[in-house]
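These notes concern the structure reproduced below.
Computation of the quantities below employed the complete heavy-atom set of this structure, encompassing side-chain atoms and omitting hydrogens, waters and symmetry-equivalent molecules. In the text below, chain A, chain B and the rest are named by the order of the sequence lines, each starting its count at 1.
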Number of protein chains: 2
Amino acid sequence: MTEVRRPTLRDIASALGLSVNTVSRALGDKDSVSARTRAAVQAEAARIGYVPNTLARSLVLGSAMTLGLVITNPSNPFYAQLISSIELRVRAQGYSLLLLVTDESAENEQRATEALLRSAVDGAVVVPVQAEWDHWRRVRDSGIPLVFVNRDVPELDCDMVGVDYERGSYEATSHLIAGGARKLLLLEEDLPITTTADRITGFRRAMSDAGLTVSDDQVRAVPTKRYDSLALPWQPEEAYRFAQSLDLPDGIVTGNDYFALGLLRVLAERGLAVPDDVAITGYGDHPYAAYLQPPLTTVRLPAAEVGTTAVDLLLQRLKSATERPRKTLIRPELVVRASTLSPARL
Amino acid sequence: MTEVRRPTLRDIASALGLSVNTVSRALGDKDSVSARTRAAVQAEAARIGYVPNTLARSLVLGSAMTLGLVITNPSNPFYAQLISSIELRVRAQGYSLLLLVTDESAENEQRATEALLRSAVDGAVVVPVQAEWDHWRRVRDSGIPLVFVNRDVPELDCDMVGVDYERGSYEATSHLIAGGARKLLLLEEDLPITTTADRITGFRRAMSDAGLTVSDDQVRAVPTKRYDSLALPWQPEEAYRFAQSLDLPDGIVTGNDYFALGLLRVLAERGLAVPDDVAITGYGDHPYAAYLQPPLTTVRLPAAEVGTTAVDLLLQRLKSATERPRKTLIRPELVVRASTLSPARL
DNA sequence: ATGAAAGCGCTAACAC
DNA sequence: GTGTTAGCGCTTTCAT
């Protein structure tokens with residue numbers, strides 16, 4: 001492999017006996033360059049394979065045309081879809097995307113903010129760890145707009161796009177109650193994040209609206225291994241172990257599909273029928289949910305819509321920093337399948 | 001939000017009555033600056049919240065300390081893990097990561113190479129679409145080292161890290177044969193990529209080694225929707241539909257876990273027992289595989305190892321461009337579960 | 001140990 | 001239309 005010096009504007013200029021400036025305009029501006037010159041420049045550029053140096057361009061323009069994406073865990077299917085939709089939109093708008101993975105670690109997040117500052121991104125889409133936020137204030141204060149996604153940092157008053165987790169949970173719970181369940185259980189993640197808290201709220205509200213009371217042992221957190229995005233932060237395994245020692249009710253709402261998966265095994269082992277003995281709902285509508293035995297009723301998350309909206313908000317914010325921050329919650333959709341469809345109960 | 005000018009070396013210099021140069025060295029170099037000056041500079045830098053401008057630095061140094069990752073589909077769990085492991089390693093080495101999603105589209109890939117060239121990345125880890133490769137030659141020839149991952153582009157003679165898909169498929173097939181299956185079927189993706197081809201080879205070889213012949217209708221491609229990374233390129237649904245009209249054998253090897261999922265439903269609907277009537281294997285060991293009914297025998301892919309190795313190869317290549325390209329295949333692991341464990345047959 | 005000067009590749013003023 | 005000049009923020013000679 002030979003060490004190659006990349007062609008610059010100067011190479012084109014000297015080959016054609018023009019000034020660097022003229023070449024620059026010929027390649028960029030609409031007018032202020034004769035058609036002949038422009039054609040000659042473009043021909044020469046193509047011939048030697050000229051590619052503009054974004055670094056130099058960014059330095060003078062003060063913008064790198066780069067956005068940051070700070071995300072906790074790509075192995076979570078919801079976030080994977082988010083990455084795809086965000087990358088798609090960002091690229092369509094002519095920006096590049098810098099990816100930073102935090103693994104639910106505040107320390108990693110802190111380092112990520114430093115990287116964002118150094119790289120001088122024009123803005124960032126952030127799934128915050130929600131443990132600390134002073135470093136985010138620093139980013140915002142240095143003029144880099146942020147859009148929080150999926151979880152908010154209300155202290156900072158930035159744009160935010162999320163999912164109405166409370167509503168999803170409310171609907172799943174109400175659906176179970178409508179199906180005849182009375183003794184309900186909520187199995188949640190033990191992460192200190194608002195998504196989890198919102199689902200708990202939704203569960204409680206649905207119970208309350210149905211005239212049912214909720215005792216403390218009806219809302220349970222499944223112990224979770226953390227800080228390892230090479231695996232998922234939650235596993236069917238953990239829910240399986242946890243549920244083995246559980247006094248099972250007639251309806252279970254879970255905070256994610258993986259929990260439902262572990263649960264299904266426990267129920268099978270105990271010889272309980274789903275949904276006739278116990279009806280269950282998942283959360284996330286992962287690709288396998290429809291193909292479980294029985295197919296899983298679950299809450300479908302609008303990942304692509306969330307991602308796209310986040311990028312659009314960010315780009316708008318880049319144009320006008322003055323508008324007030326907007327908080328958007330996108331409504332998830334309850335997908336009813338056989339794990340809750342118990343004709344016997346209706 | 002106030003428009004903020006980021007502090008520069010000059011701000012520190014003028015505040016302290018020093019030259020920009022001295023400040024630069026105080027912040028960087030080991031020596032050649034008095035301890036007093038260095039302390040003063042660092043104090044002032046911290047006070048005003050100085051963050052070096054990577055753009056300017058990169059421009060003069062000729063390296064942006066950025067690597068590219070060009071990947072087809074983050075929603076594929078294998079690639080999601082790859083992204084995590086690569087980002088982790090890249091960041092640990094002080095580099096930033098530019099993410100580009102191609103969605104299995106040659107056109108997107110072409111555009112991705114332009115972005116890589118413009119951004120002047122120091123190198124790139126690439127999961128190639130394998131449809132065209134002239135644009136990759138151009139990237140390599142302009143001095144940007146590439147490491148191909150999971151799929152190779154042999155025409156270009158770059159470093160490559162992959163998975164020994166043939167071996168995984170060989171082992172899965174041999175395992176089914178050892179379990180008593182004689183009439184076997186391979187259900188594969190219909191993507192024109194080497195991973196699929198390699199699995200087919202492994203299947204054929206295992207059959208041949210067992211003295212079994214393979215007719216053309218024993219290797220089938222499941223029709224696949226493509227070009228939409230917001231969803232997966234393959235779905236249980238597709239395999240389900242396809243398998244409905246299939247003459248079922250006593251053992252089925254699938255090219256990914258999603259196919260196995262669709263298959264399980266078909267078998268259940270036909271009243272066939274797994275593994276007693278039909279034994280099946282998946283490919284990928286997705287998080288749900290162990291929790292299916294029955295738990296799925298499948299081939300676990302060493303995603304993290306592949307990702308880490310790829311980054312290490314790339315960084316080595318950045319140091320010495322002269323060594324010969326290395327091709328590494330990492331061995332996957334057959335994970336045996338109940339979908340193939342049929343005591344009755346042994 | 002510190003400063004002055006040059007330049008990375010590009011674009012934006014301003015002349016002509 | 002095109003060229004000249006200046007400068008983005010930083011690092012690297014080379015003086016002092």
So, is [X] close to the [N] phosphate, meaning a side-chain N or O under 4.0 Å from OP1 or OP2?
{"X": "S32(A)", "N": "dT2(D)", "answer": "no"}
{"X": "R57(B)", "N": "dT11(D)", "answer": "yes"}
{"X": "S34(B)", "N": "dA1(C)", "answer": "no"}
{"X": "S19(B)", "N": "dT2(C)", "answer": "no"}

In whole Å, what is the span from the [atom1] atom of [X] to the [atom2] atom of [N]?
{"X": "L117(B)", "N": "dG9(C)", "atom1": "CG", "atom2": "C1'", "value": "16 Å"}
{"X": "D11(B)", "N": "dC8(D)", "atom1": "CG", "atom2": "C1'", "value": "13 Å"}
{"X": "L59(A)", "N": "dC8(C)", "atom1": "CG", "atom2": "C1'", "value": "9 Å"}
{"X": "L16(B)", "N": "dT2(C)", "atom1": "CG", "atom2": "C1'", "value": "13 Å"}
{"X": "R118(A)", "N": "dG9(D)", "atom1": "CZ", "atom2": "P", "value": "18 Å"}
{"X": "I12(A)", "N": "dG9(C)", "atom1": "CD1", "atom2": "C1'", "value": "12 Å"}
{"X": "R10(A)", "N": "dT11(C)", "atom1": "CZ", "atom2": "P", "value": "15 Å"}
{"X": "R6(A)", "N": "dC10(C)", "atom1": "CZ", "atom2": "P", "value": "8 Å"}

Task: salt bridge (charged side-chain N to carboxylate O under 4.0 Å, His left out) contacts touching residues 63-73 of chain A (sequence neighbours left out) - done: none

Open item on the list: For R151(B), I'd like to know if atom CZ has over 12 heavy atoms of other residues, nucleotides or ligands within 6.0 Å.
Closed with: yes

Task: Heavy-atom neighbours of R6(A) CZ exceed 12 at 6.0 Å - done: yes

Protein and nucleotides 12-16 of chain D: nitrogen or oxygen contacts under 3.5 angstrom:
from, atom 1, to, atom 2, distance (Å)
dT12(D), O4, N21(B), ND2, 2.9
dT13(D), O4, N21(B), ND2, 3.3

Task: Check: D159(B) side chain, R326(B) main-chain N or O, donor-acceptor pair, under 3.5 Å - done: yes

TODO: Quick one: label S58(A) by what it contacts on the DNA or RNA (base, sugar-phosphate, nothing), any heavy atom closer than 4.0 Å.
DONE: nothing

TODO: Taking only heavy atoms on the protein side, list every residue of residues 42-55 of chain A lying under 4.0 Å from any atom of DNA chain D, sorted numerically.
DONE: none

- [ ] Go through the steps to decide whether D157(B) and R324(B) satisfy the test salt bridge (charged side-chain N to carboxylate O under 4.0 Å, His left out), and finish with yes or no.
- [x] CA-CA 9 Å; D157(B) 222 38; R324(B) 298 202 44 209; 5.8 Å; no

Open item on the list: Side chains of S105(A) and T102(A) only: does a donor on one sit below 3.5 Å from an acceptor on the other?
Closed with: no

Task: Residues that T66(A) engages under side chain to side chain contact (heavy atoms under 4.5 Å, CB included), provided they are two or more places apart - done: A64(A), S96(A), L98(A), V121(A)

Open item on the list: Applying side chain to side chain contact (heavy atoms under 4.5 Å, CB included), can you list everything that pairs with V20(A), at least two apart in sequence or on another chain?
Closed with: L9(A), R10(A), A13(A)

Task: Under the salt bridge (Lys or Arg N to Asp or Glu O under 4.0 Å) test, residues paired with D122(B) that sit two or more places apart - done: none

